[in-house]
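Comments concern the structure below.
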Amino acid sequence: MKDLIIVGAGPGGLSASVYAKRAGLDALTLEAQPISGGQVLNTYSVDNYLGLPEIGGFELGNKFREHADDLGCPIEESEVKDIRKTEKGFEVISKKETYETKAVILALGAEHSKLNIPGEEELAGMGVSYCATCDGAFFKGRAVAVVGGGDVAVEDAIYLARTCSKVYLIHRRGELRAARMLQEQLLNLSNVEVIWNTVVDEILGEDQVEALSISNIKDKTSSKLPVDGIFIAVGMNPQNELLKCAGVEMDDKGFAKAGDDCVTSVPGIFAVGDIRTKRVRQIVTAVADGANGVYSVESYLGNLTV
Ligand code: NDP
């Protein structure tokens, strides 16, 4: 019987591994992928993680894993398929074996929703981005487009307008779903232009984004919009299968309902990183969750050492 099983070895899960080790818990981290690091691994460059400016995402993911390995945190490659409540705790059932544990941290992550259009995958990291705060600085003085009409898209457009020469916000409908205050802020910016009722059909460019092929869904006209970058902000997909298995309460978007303490609706199960309800989904907030989550686990196990 383990004290804790952590499912997922992205920044949130690995941070939890490190904190669990230092807290003296008998913890094991399970990761379905052969490489740890989660979404970070696919990020071209990270420039907002304190102390490690302009580091490659792959390198940062590896550093996180090395840190956990150096401390002797046990991490196994194992895909968890189910989680069941037992009398003494939980059974965590993977393809390989069944583990028994008193508590579980779910660090399952979430993926940025894609547009699934030609050019999106080919030019990812070469002008196609899903994170304005991560990549915006690379587009200083240039023209970019943001796709989406929610809070994230509008916040991204406002953020980018501070440094980019021109920001187009492309939205598929005639009204934004973002908060009214954000909309007002956006529409007051002189270098922002909202392109309504429009979808992006293709992202064009050889080795770098050069233009977008867009079409107006009302009048069915198509045109080419020259831009140097496109920020896609059309929501996130939580990887929530195990939340369902474990009976964890979710919000209407499928994220685990949990506050900064990472406590979920199921006693003994904690949610850290992008999988939980939160405002800012960034590496640094996932890492912070790892610490908060383990603190809550210690509290739950009744051996709070801090
Ligand atoms: P949302 O689901 O709120 O918005 C997604 C946007 O993307 C919508 O405007 C939607 O259009 C559009 N969209 C979805 N799919 C496509 C597609 N295939 N093609 C084109 N457009 C598409 O997600 P967000 O990531 O913006 O926000 C997530 C949550 O986080 C929300 O609850 C939000 O309120 C919250 N949040 C709050 C903040 C705050 O309080 N300041 C800051 C950031 C996020 P349509 O409108 O037509 O459906």
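Both ligands and their constituent atoms are indexed starting at 1 by order of listing. Computation of the quantities below employed the complete heavy-atom set of this structure, encompassing side-chain atoms and omitting hydrogens, waters and symmetry-equivalent molecules.
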Under 4.0 Å from any heavy atom of Arg173, which atoms of ligand 1 are there?
->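 Result: 45 (P), 46 (O), 47 (O).
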
Would you mind running through ligand 1 and noting each atom that sits below 4.0 Å from a heavy atom of Leu115?
->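 Answer, ordered by atom number: 17 (C), 19 (N).
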
Indicate whether atom 30 (O) of ligand 1 is within a distance of less than 4.0 angstrom of some protein heavy atom.
->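 Protein heavy atom within 4.0 Å of atom 30 (O) of ligand 1: absent.
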
[atom] - nearest protein heavy atom and its distance:
{"atom": "atom 37 (C) of ligand 1", "value": "Asp151 OD2, 3.3 Å"}
{"atom": "atom 9 (O) of ligand 1", "value": "Gly149 N, 2.9 Å"}
{"atom": "atom 4 (O) of ligand 1", "value": "Gly150 CA, 3.7 Å"}
{"atom": "atom 27 (O) of ligand 1", "value": "Val152 CG2, 3.8 Å"}
{"atom": "atom 7 (O) of ligand 1", "value": "Val234 CA, 3.3 Å"}
{"atom": "atom 48 (O) of ligand 1", "value": "Arg177 NH2, 2.6 Å"}
{"atom": "atom 23 (O) of ligand 1", "value": "Gly235 CA, 3.8 Å"}

For the hydrophobic clusters of this structure (ILVMFWY residues joined by side-chain heavy atoms under 4.5 Å, transitively), does one cluster hold both [X] and [Y]?
{"X": "Tyr19", "Y": "Val272", "answer": "yes"}
{"X": "Ile230", "Y": "Phe139", "answer": "no"}
{"X": "Val234", "Y": "Ile117", "answer": "yes"}

May I ask you to check whether Phe231 and Tyr159 place their ring centers less than 6.0 Å from one another?
->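 Here the rings of Tyr159 and Phe231 have centres that are no less than 6.0 Å from each other.
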
Examine the proximity of ligand 1 to Leu182 and report which part, side chain or backbone, both or neither, has a heavy atom under 4.0 Å away.
->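 Within the 4.0 Å criterion, Leu182 makes no contact with ligand 1.
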
Return yes if some donor-acceptor pair links the side-chain N/O of His171 with the main-chain N/O of Glu175 below 3.5 Å, else return no.
->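 Side chain of His171 to backbone of Glu175: a pair is present.
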
NZ or CZ of Lys102 within 45° of Phe90 ring axis and under 6.0 Å =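 Output no; distance or angle outside limits.
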
Going by distance alone, is a donor N or O of one side chain under 3.5 Å from an acceptor N or O of the other, for Ser296 and Asp261?
->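 Their side chains do not contain a donor-acceptor pair, so the 3.5 Å distance test is not met.
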
Will you find, in the side chains of Gln282 and Thr133, an N or O donor that is under 3.5 Å from an N or O acceptor?
->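 Result is yes, a qualifying pair exists.
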
The one among Lys253, Met181, Arg172 that brings a heavy atom closest to atom 15 (N) of ligand 1 |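 Among Lys253, Met181, Arg172, the closest heavy atom to atom 15 (N) of ligand 1 comes from Arg172.
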
Pick whichever of Lys278, His171, Arg279 has a heavy atom sitting closest to atom 39 (C) of ligand 1.
->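 Nearest heavy atom to atom 39 (C) of ligand 1 lies in Arg279.
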
Between Ile269, Val248, Leu4, which is the residue that forms a side chain to side chain contact (heavy atoms under 4.5 Å, CB included) with Val104?
->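 Testing each of Ile269, Val248, Leu4 against Val104, the sole residue satisfying side chain to side chain contact (heavy atoms under 4.5 Å, CB included) is Ile269.
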
